[in-house]
Amino acid sequence: MDRTVDADIVIVGGGICGLATALALHRKRIKSLVLERSENLRATGAAIIVQANGWRALDQLGIGSTLRQTAIQIEGGRFISLNEAEPMEFPFGVNQELRCLKRTDLVKAMADNLPVGTIRTNCQVVSIELDPLTHSPQLLLSNGSILQAKVVIGCDGVNSAIANMFGLHRTKLLLFSTCVARGFTNFPNGHQFASEFVVMSRGQVQLGRIPVSDQLVYWFVTRPRTSKDSTIWKEPVLIRQSLIESMKGFPEGAVEMIQNCKLSFLHLTELKYRAPWDLVLNKFRKGTVTIAGDAMHATGPFIAQGGSASIEDALVLARCLAQKKFAEGMNIADAEEAFDQYLKERKMRIFWLSLHSFLVGKKLDTKSSIVRFIILAIMAILFRDPDWHSRYHCGLL
């Protein structure tokens, strides 16, 4: 096997979390190497809803102003229940900055601000272990070579190879009985939707709609998983057909929006999550290896904080490493202390985010009115302020 040393800091995964971590480190003048398994950078999913805390983090990365030019500000919202003879509307306010970004725009903005050579594509990590003599991480790559580094940060998503090191095997991820389809619909002559976030609900099916620009609308549909999903999830035409079949009783305009969607951006995914209590019990560090983003705290999309929480992770990681003057060289003990500080700052934040999302997801999952009432009562006690998660500030870079 070839044995190489390419960087002091190796980031596994070139998604939102991995790129944000690399960019945050770059802003602190710390070099890193990003390993992405795909041939090109990918942005799984269509869009990402970014709330105020996420925009504060993007501003710290220096790309907030650029991204604001690609997405309109959302001014309000409505929840529409279609379960009654006549639709019932419940308006809700949007008191802080809220925009919907195309994931490709976000990934591009991050990648464009990184030094040439930071990202190495077509480079899949199979496993990781600590060298028994030096205690430095060793990464086994799919081509058979071994890459050594001082520090490894696993940002490789819900099916993380690095998370296995902490006993967080992908088989331990749990599934909601709900799945989600996400997509875009383009209106060449402009859409007539207001600048608002609209959620329509009928039975166990929900449709969310939010404009990205004057011509582009992002939408998602949540519905119970079916036995057919495993055979259609790679077939956009069949996904669209299944969605239309599940949307009986929805307004004609909503169904037409799905019918006219851009098939190339249509995705159907299971909703995997890490149990909130696992976030409290795990140490998330072995030597100079840690994880961030979905690799650590995979959650459902129910409070729209997964992407923003990953960017927060990136900022705190970079800040903790910079405080140990990593740019000037760092020993193993310093790196371990930096990671311990990072985890101390992030653990309870991601626990509460995960718990909130877990409860909302279980409320959608259950058919029992009693269970739904109990969940609503718990949420009323723990999360009385509906905007608590977006008021958070992870601090300056």
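Residues take their numbers from the sequence shown, with the count starting at 1. Side-chain atoms are counted along with the backbone in the values below, which use heavy atoms only and exclude waters and symmetry mates. Predicted, not measured: the structure shown is a model, and the values here were computed from it.
- Between H356 and the options F351, Y273, F383, a ring-ring contact (aromatic ring centres under 6.0 Å, His included) holds for only F383.
- The existence of a salt bridge linking E97 and R56 is excluded, since no basic side-chain nitrogen approaches an acidic carboxylate oxygen closer than 4.0 Å.
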- prompt: After noting the C-alpha distance and the side-chain angles of Q305 and T299, does the key distance pass the side chain to side chain contact (heavy atoms under 4.5 Å, CB included) rule?
  reply: CA-CA 9 Å; Q305 282 290 357; T299 66; over 6 Å; no
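- When the side chains of ILVMFWY residues are joined at heavy-atom separations under 4.5 Å, either directly or via intervening members, L238 and F265 end up in two distinct hydrophobic clusters.
- The two residues P211 and I74 have their closest heavy-atom pair at O-CD1, 3.7 Å.
- The minimum heavy-atom distance between H267 and A46, with the atom names listed, is CD2-N, 4.4 Å.
- Within a 6.0 Å radius of CD in E89, more than 12 heavy atoms belonging to other residues, nucleotides or ligands are found.
- Taking the charged nitrogens against the carboxylate oxygens, E312 and R346 do have a contact shorter than 4.0 Å, which makes a salt bridge.
- Under a cut-off of 6.0 angstrom, the local environment of CG in D214 is sparse, with at most 12 non-hydrogen atoms contributed by other residues, nucleotides or ligands.
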task: Might you work through the side chain to side chain contact (heavy atoms under 4.5 Å, CB included) test for L353 and H297, ending with a clear yes or no?
output: CA-CA 9 Å; L353 287 175; H297 48 80; over 6 Å; no
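- Checking N40 against S38 by side-chain atom types alone, no donor-acceptor pair falls below 3.5 Å.
- Separation of atoms CH2 (W233) and OG (S242) is listed at 14.5 Å; rounding is to 0.5 Å.
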- request: For the pair D156 and R37, evaluate salt bridge (charged side-chain N to carboxylate O under 4.0 Å, His left out) and give the outcome as yes or no after the intermediate values.
  value: CA-CA 9 Å; D156 45 343; R37 65 181 180 179; over 6 Å; no
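- R274 and D278 are not joined by a salt bridge, as no carboxylate oxygen comes within less than 4.0 angstrom of a charged side-chain nitrogen.
- Contact of the I153 side chain with the V12 side chain is not registered, since no non-hydrogen atoms from C-beta on lie closer than 4.5 Å.
- A donor and an acceptor atom, one from each side chain of S136 and D131, are nowhere located under 3.5 Å apart.
- Screening R285, K283, K286, K347 against D340 for a salt bridge (charged side-chain N to carboxylate O under 4.0 Å, His left out) leaves a single residue, R285.
- The hydrophobic cluster containing F184 does not contain L266, counting ILVMFWY residues as joined when their side-chain heavy atoms lie under 4.5 angstrom apart, directly or transitively.
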message: Applying side chain to side chain contact (heavy atoms under 4.5 Å, CB included) to V289 and I162, what does each step give before you reach the verdict?
response: CA-CA 8 Å; V289 181; I162 308 304; 3.8 Å; yes
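- Residues F284 and I332 do not share a hydrophobic cluster, defined by chaining ILVMFWY side chains whose heavy atoms lie under 4.5 Å apart.
- Taking the centre and axis of the six-membered ring of Y392, the NZ or CZ atom of R349 falls inside the cone set by 45° and 6.0 Å.
- Here the side chains of K102 and L216 are in contact, with some heavy-atom distance below 4.5 Å.
- With a 6.0 Å radius and a threshold of 12 heavy atoms from other residues, nucleotides or ligands, F92 has its CZ atom above the threshold.
- For an aromatic pair to be called close, the ring centres must be under 6.0 Å apart, and F358 with W352 fails this.
- N282 places no side-chain N or O within donor-acceptor distance of the main-chain N or O of L279, the cut-off being under 3.5 Å.
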- prompt: For D59 and R68, what are the C-alpha separation, side-chain angles and deciding distance, and is it a salt bridge (charged side-chain N to carboxylate O under 4.0 Å, His left out)?
  reply: CA-CA 10 Å; D59 285 336; R68 284 185 179 90; 2.8 Å; yes
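- Judged by distance alone, with hydrogens and angles left aside, the side-chain atoms of R202 form no donor-acceptor pair with the main-chain N or O of N83 at under 3.5 Å.
- In this structure, the side chains of L141 and Q124 stay at 4.5 Å or more apart for every pair of heavy atoms.
- Under 3.5 Å, the side chains of Q96 and D387 contain no donor-acceptor pair of N or O atoms.
- By the 6.0 Å and 45° rule, R209 stacks over the aromatic ring of F193.
- Side-chain contact check for V10 versus L35: some heavy-atom pair is nearer than 4.5 Å.
- If you take CD on E235 and CG on L263, they are separated by 11.0 Å, rounding to the nearest 0.5 Å.
- Under the 3.5 Å distance criterion, the side-chain polar atoms of E196 are left unmatched by any main-chain donor or acceptor of G77.
- Aromatic rings of F302 and F176 (six-membered ring for Trp) have centroids within the 6.0 Å cut-off, being under it.
- More than 12 heavy atoms of other residues, nucleotides or ligands lie within 6.0 Å of CG in L281, so this atom counts as buried by the packing criterion.
- Side-chain contact between N164 and S127 is absent, with no heavy atoms from C-beta onward closer than 4.5 Å.
- A donor-acceptor contact shorter than 3.5 Å is absent between the side chain of Q206 and the backbone of S201.
- Across every non-hydrogen atom of L243 and S246, the tightest pair is O-OG, 2.7 Å.
- The CG atom of L25 sits 12.5 Å away from atom CZ of R319, with the distance rounded to the nearest 0.5 Å.
- The aromatic rings of H191 and F187 sit perpendicular to each other, their planes meeting at more than 60°, with 30° as the lower class boundary.
- By the 4.5 Å heavy-atom criterion applied to side chains, N113 and H26 are not counted as neighbours.
- Cluster annotation: F339 is connected to L33 through the hydrophobic network of ILVMFWY side chains, with a link wherever side-chain heavy atoms come within less than 4.5 Å.
- Between the CG atom of L61 and the CG atom of L315 there is a distance of 5.0 Å, given to the nearest 0.5 Å.
- Using modelled atom types, one side-chain atom of T118 and one backbone atom of P115 make a donor-acceptor pair closer than 3.5 Å.
- At most 12 non-hydrogen atoms from other residues, nucleotides or ligands lie less than 6.0 angstrom from CD of E39.
- A 4.5 Å side-chain heavy-atom check between Q138 and L130 finds every atom pair outside the cut-off.
- Judged by distance alone, the side chain of T269 and the main-chain N or O of A181 form no donor-acceptor pair under 3.5 Å.
- Between the side chain of Q51 and the main chain of S390, no donor-acceptor pair closer than 3.5 Å is present.
- Hydrophobic clustering of Ile, Leu, Val, Met, Phe, Trp and Tyr side chains at less than 4.5 Å, counting indirect connections, unites V371 with V360.
- Under the 3.5 Å distance criterion, with hydrogens and angles disregarded, no donor-acceptor pair is assigned to the side chains of S310 and D313.
- Closest approach of W219 and C261 over heavy atoms only: CZ2-CB, 3.6 Å.
- No side-chain N or O of E337 forms a donor-acceptor pair with one of Q341 less than 3.5 Å apart.
- When all heavy atoms of I16 and M110 are compared, the pair lying nearest together is O-SD, 3.7 Å.
- A donor-acceptor pair shorter than 3.5 Å can be found between the side chains of E84 and S81.
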message: Under the criterion side chain to side chain contact (heavy atoms under 4.5 Å, CB included), I'd like the reasoning laid out for L321 against Y342: C-alpha separation, chi angles, the key distance, then a yes or no.
response: CA-CA 9 Å; L321 286 169; Y342 151 69; over 6 Å; no
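- Side chains of D365 and T178: a donor-acceptor N/O pair is present below 3.5 angstrom, by distance only.
- Inter-residue side-chain proximity for V221 and V205 is flagged as met; some heavy-atom pair is nearer than 4.5 Å.
- Scanning all heavy atoms of the two residues, the minimum distance from A20 to A314 falls at C-CB, 3.5 Å.
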